[in-house]
2 protein chains.
Amino acid sequence: MMAKTVQTIEDIARLANVSKSTVSRALNDSPLINQETRERIQSLAREYNFRINAPARNLSMRQSHTLGFVSYACSGKNFSAENMFGLELLGGVSDGLRPLGYDLLVVPVEPHDTTWAHQYLNSGRVDGFVLTISTRKQKMINELVNMGIPFILWGFPQPNSSFCTVCGDDVTGGRIATEYLIRTGRQHIGFLGGPMDEIEVKYRHHGYELALQNAGRYLDPDLVVYGDYSHTSGITAMKRLLEQKPDLDAVFVNSDVMALGAIQYIQSCGKRVPEDIAVVGYDDLLLARYNNLPITTIRQNIPLAGKLLAENLIQYIQTGVVTNVNLPVELVIRKTA
Amino acid sequence: MMAKTVQTIEDIARLANVSKSTVSRALNDSPLINQETRERIQSLAREYNFRINAPARNLSMRQSHTLGFVSYACSGKNFSAENMFGLELLGGVSDGLRPLGYDLLVVPVEPHDTTWAHQYLNSGRVDGFVLTISTRKQKMINELVNMGIPFILWGFPQPNSSFCTVCGDDVTGGRIATEYLIRTGRQHIGFLGGPMDEIEVKYRHHGYELALQNAGRYLDPDLVVYGDYSHTSGITAMKRLLEQKPDLDAVFVNSDVMALGAIQYIQSCGKRVPEDIAVVGYDDLLLARYNNLPITTIRQNIPLAGKLLAENLIQYIQTGVVTNVNLPVELVIRKTA
DNA sequence: ATGAAAGCGCTAACAA
DNA sequence: TTGTTAGCGCTTTCAT
């Protein structure tokens, strides 16, 4: 039995005794085609296992029907460590894209390269970009906005410029983490943040303060330190915190990876988690769940975030509608607090 | 200042006072073009920030210049848990591809779908596929081979059929893990494998036996159990092992994720790692390094693997040369053994 | 070494 | 509702 494979819509047209355009219309569910012809052609296409040629279609339509997922590339590390979060998001975006008929292209970006956007967009390889944590530096975003590049950001919107975003509810995240610590009887609750200038970090800190104030607690600046989301910075920031406040008995850490570092330092001091010091992380990555001492953390809904990033960027590309969505977070209680 | 942007090679041709073909040749470093014209055109292209249109080029050349990275898609989980390894590999492949002028497309595959290969290949979206763990079921591989689909596999070659592969040296991995355990004085060393029918697992087991035999040890079948790479299976397999051999004092586990599960079970029995039972994992994922009790493990060179997967698949596509490479592994000593 | 022209497979404006 | 035709922007014979 020979493989029933047909190469072009012209082949189908011949088999169906119609013109190329009719086939094109039928395959694209055009409204101005006869119900019956449409079905005949579609079943023919199915029977012959026909796949429409993407380059040709994209060339003709001046659209690639693919989105670029941007991440830093540096010697095999473009998807690691601090980027764990972005990595898990990739799966979500990819899943969100599928039902919409779009593809996902990996766009590795060199840290100081500013041409990548034009490179991928002008060459017609992608229609827009999904930016995740660590690629969303302020300067880069401003450039993208100025250049009119279609993109969506995992993060907060900016007051003065308008682009699509999806973010987590960081104020609530910071608040419920801290409330839980208060509720479980902790007296001196530290805040171990991500980079101090990031808006997310500010919101989480705000939530932290809110919880403390509602409980009538004093806000001690010595309880607040910052890191950069890395494992190492979790260690050093925890060290600093403990030096400033030796009687600390809990800490809310802005990422699971930093929390791992913090826990490591705490234990190296001979203190126990959670007995002596309770730790709450952020993100709920796999390594939080699988850590040998499973981490109590604030879960971000990563699959949903991916889905919305995909859907809303496509919507923006097609209609120009700018959306900004804020996703709920959730406390996951495990062993560290 | 207006943006100097030019859309097509025809625009460049006009500016350079040459024909489209000449521009095309110049941009592609064709040998039959004048050195001087080439440079003139290239600098013009640079100056005007010109990017060649990919769909047009791909259509004309009948090549997409992109590779598909295949992974299971199932409700946001296509890149998680058991797939951690594949996830880290994605970064390596992406980096390996860049210098070669190829792009990486994410190809999410539904577990029982068998049409994805044709779908992506016949539509001209990719020129070939990179298959990683969990997408490389025997049946699927055979189908791909029969259909003549270009792909490269992370895994071992098959004796009877010929396709490109990159794999780790699992025999050595199993051997050096076990040797280390022997060297550090362990008497009853267990083997907690991945799926029993996987060739990798057989090789690792072979290395385990080799080390034991070389040390003049008896091979006790009760010391050998199997899981499926999942965290849960690490827990249950460890339970079984401990029931069969209560005096066990070490275990070589076939993946870091399973090792995490095994450690969790061991500790839940009130035993200590590594004092009572030493654990060696496999892969050296980030969660092995960042685990709160950092895991002693066999490192696979993931960035190198990614680079070779990329390079060798492209070579195969372009020349038909089939390569099979076996990468060295390395023992990383941390806290669990 | 360069140009002219055909064609890659598709969509879409226009005609029928 | 369907067909005809003209591109989309590139590569590549075939001339020159």
Side-chain angles (χ1 to χ4, degrees), chain A residues 5-42 44-45 48-66 101 119-127 318, chain B residues 5-42 44-45 48-66 101 119-127 318:
Chain A
T5 284
V6 150
Q7 297 297 345
T8 75
I9 55 169
E10 190 151 15
D11 298 335
I12 299 283
R14 204 173 303 119
L15 289 163
N17 259 309
V18 292
S19 72
K20 286 197 311 181
S21 348
T22 303
V23 175
S24 173
R25 288 177 188 120
L27 261 26
N28 291 304
D29 287 314
S30 158
L32 34 69
I33 198 142
N34 185 345
Q35 172 76 3
E36 186 238 336
T37 5
R38 184 222 313 288
E39 280 165 10
R40 191 161 55 88
I41 292 176
Q42 288 189 348
L44 222 41
Y48 284 85
N49 215 328
F50 171 75
R51 309 289 169 192
I52 214 158
N53 182 286
R57 175 158 178 264
N58 294 342
L59 172 59
S60 182
M61 297 182 74
R62 289 92 171 288
Q63 284 194 50
S64 65
H65 301 276
T66 111
Q119 224 165 90
Y120 278 83
L121 204 61
N122 290 353
S123 64
R125 282 180 290 178
V126 305
D127 296 335
Q318 292 176 345
Chain B
T5 284
V6 148
Q7 298 295 347
T8 76
I9 56 169
E10 189 150 17
D11 299 334
I12 299 281
R14 206 174 301 120
L15 289 163
N17 257 308
V18 293
S19 72
K20 285 196 316 182
S21 344
T22 304
V23 175
S24 174
R25 288 176 187 122
L27 261 26
N28 290 304
D29 288 312
S30 158
L32 36 68
I33 199 143
N34 186 347
Q35 172 75 4
E36 186 238 337
T37 5
R38 184 219 316 286
E39 280 165 11
R40 191 162 55 87
I41 292 175
Q42 288 189 350
L44 221 42
Y48 283 84
N49 216 327
F50 171 74
R51 309 287 170 191
I52 213 159
N53 181 286
R57 178 161 176 262
N58 294 343
L59 172 59
S60 183
M61 299 182 73
R62 289 93 169 291
Q63 284 192 49
S64 65
H65 300 277
T66 111
Q119 222 164 92
Y120 278 83
L121 203 61
N122 291 354
S123 64
R125 283 180 291 179
V126 305
D127 296 334
Q318 292 176 344

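Chain identifiers are assigned alphabetically (A, B, ...) following the order of the sequence lines, protein sequences preceding nucleic acid strands; residue numbering begins at 1 within each chain.
Taking atom CD1 of residue B:I9 and atom C1' of nucleotide C:dC8, one finds them 14 Å apart after rounding to whole Å. Here the P atom of nucleotide C:dA4 and the CD atom of B:E10 are 11 Å apart, to the nearest Å. Here D:dT1 presents its P atom at 14 Å from CD of A:E39, a figure rounded to the nearest Å. The separation between B:R14 atom CZ and C:dA4 atom P is 13 Å, rounded to whole Å. Rounded to whole Å, the distance from CG on A:N122 to P on D:dG9 is 12 Å. When rounded to the nearest whole Å, the span between CZ of B:R40 and P of C:dT2 equals 8 Å. Between the CE atom of A:M61 and the C1' atom of C:dC8 there is a distance of 18 Å, rounded to whole Å. The distance from atom CG of A:L59 to atom P of C:dG7 is 17 Å, rounded to the nearest whole Å.
Summarising the geometry of B:A16 relative to B:I41, their closest heavy-atom pair is CB-CG1, 4.2 Å, with the distance given to 0.1 Å.
The side-chain contact (heavy atoms from CB on, under 4.5 Å) check on B:S24 picks up B:I9, B:N28, with sequence neighbours excluded. Listed by chain and number, the residues in a side-chain contact (heavy atoms from CB on, under 4.5 Å) with B:D29 are B:R38, B:Q42 (sequence neighbours excluded). For A:S60, there are no side-chain contact (heavy atoms from CB on, under 4.5 Å) partners, not counting sequence neighbours. Contacts of B:R51 classified as salt bridge (Lys or Arg N to Asp or Glu O under 4.0 Å), with partners at least two apart in sequence or in another chain: none.
Taking side-chain N and O atoms only, B:N28 has a distance below 4.0 Å to OP1 or OP2 of D:dT11. Listed pair A:S24 / C:dC10 fails the phosphate criterion, with no side-chain N or O lying under 4.0 Å from OP1 or OP2. In this model, the phosphate group of D:dT11 is approached by a side-chain N or O of B:R57 to a distance below 4.0 Å at OP1 or OP2. Under 4.0 angstrom from either OP1 or OP2 of C:dC10 there lies no side-chain N or O belonging to A:N58.
Residue B:V23 is the one, among B:A56 and B:V23, whose nearest nucleotide of DNA chain C lies closer to the 5' end (criterion: closest heavy atom).
End-to-end axis angle for the helix from C:dA1-D:dT16 to C:dA16-D:dT1, using five pairs per end and rounding to 10°, comes out at 30°.
Distance CZ/B:R125 to NE2/A:H65: 10.5 Å, rounded to 0.5 Å. In this structure, the separation between CZ on A:R57 and CZ on A:R62 is 14.5 Å, given to the nearest 0.5 Å. To the nearest 0.5 angstrom, B:N58 atom CG is 10.0 Å from B:I52 atom CD1.
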Collect all protein-nucleotide pairs involving nucleotides 2-6 of chain D in which both atoms are nitrogen or oxygen and the distance is under 3.5 Å.
from: D:dT2; atom 1: OP1; to: A:T37; atom 2: OG1; distance (Å): 3.1
from: D:dT2; atom 1: OP2; to: A:N34; atom 2: N; distance (Å): 3.0
from: D:dT2; atom 1: OP2; to: A:T37; atom 2: OG1; distance (Å): 3.0
from: D:dG3; atom 1: OP2; to: A:S19; atom 2: N; distance (Å): 2.9
from: D:dG3; atom 1: OP2; to: A:S19; atom 2: OG; distance (Å): 3.1
from: D:dG3; atom 1: OP2; to: A:T22; atom 2: OG1; distance (Å): 2.4
from: D:dG3; atom 1: N7; to: A:R25; atom 2: NH1; distance (Å): 3.2
from: D:dG3; atom 1: O6; to: A:R25; atom 2: NH2; distance (Å): 2.4
from: D:dT4; atom 1: O4; to: A:S21; atom 2: OG; distance (Å): 2.7

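Within the 3.5 Å criterion, the main-chain N or O of A:D127 finds a donor-acceptor partner in the side chain of A:S64.
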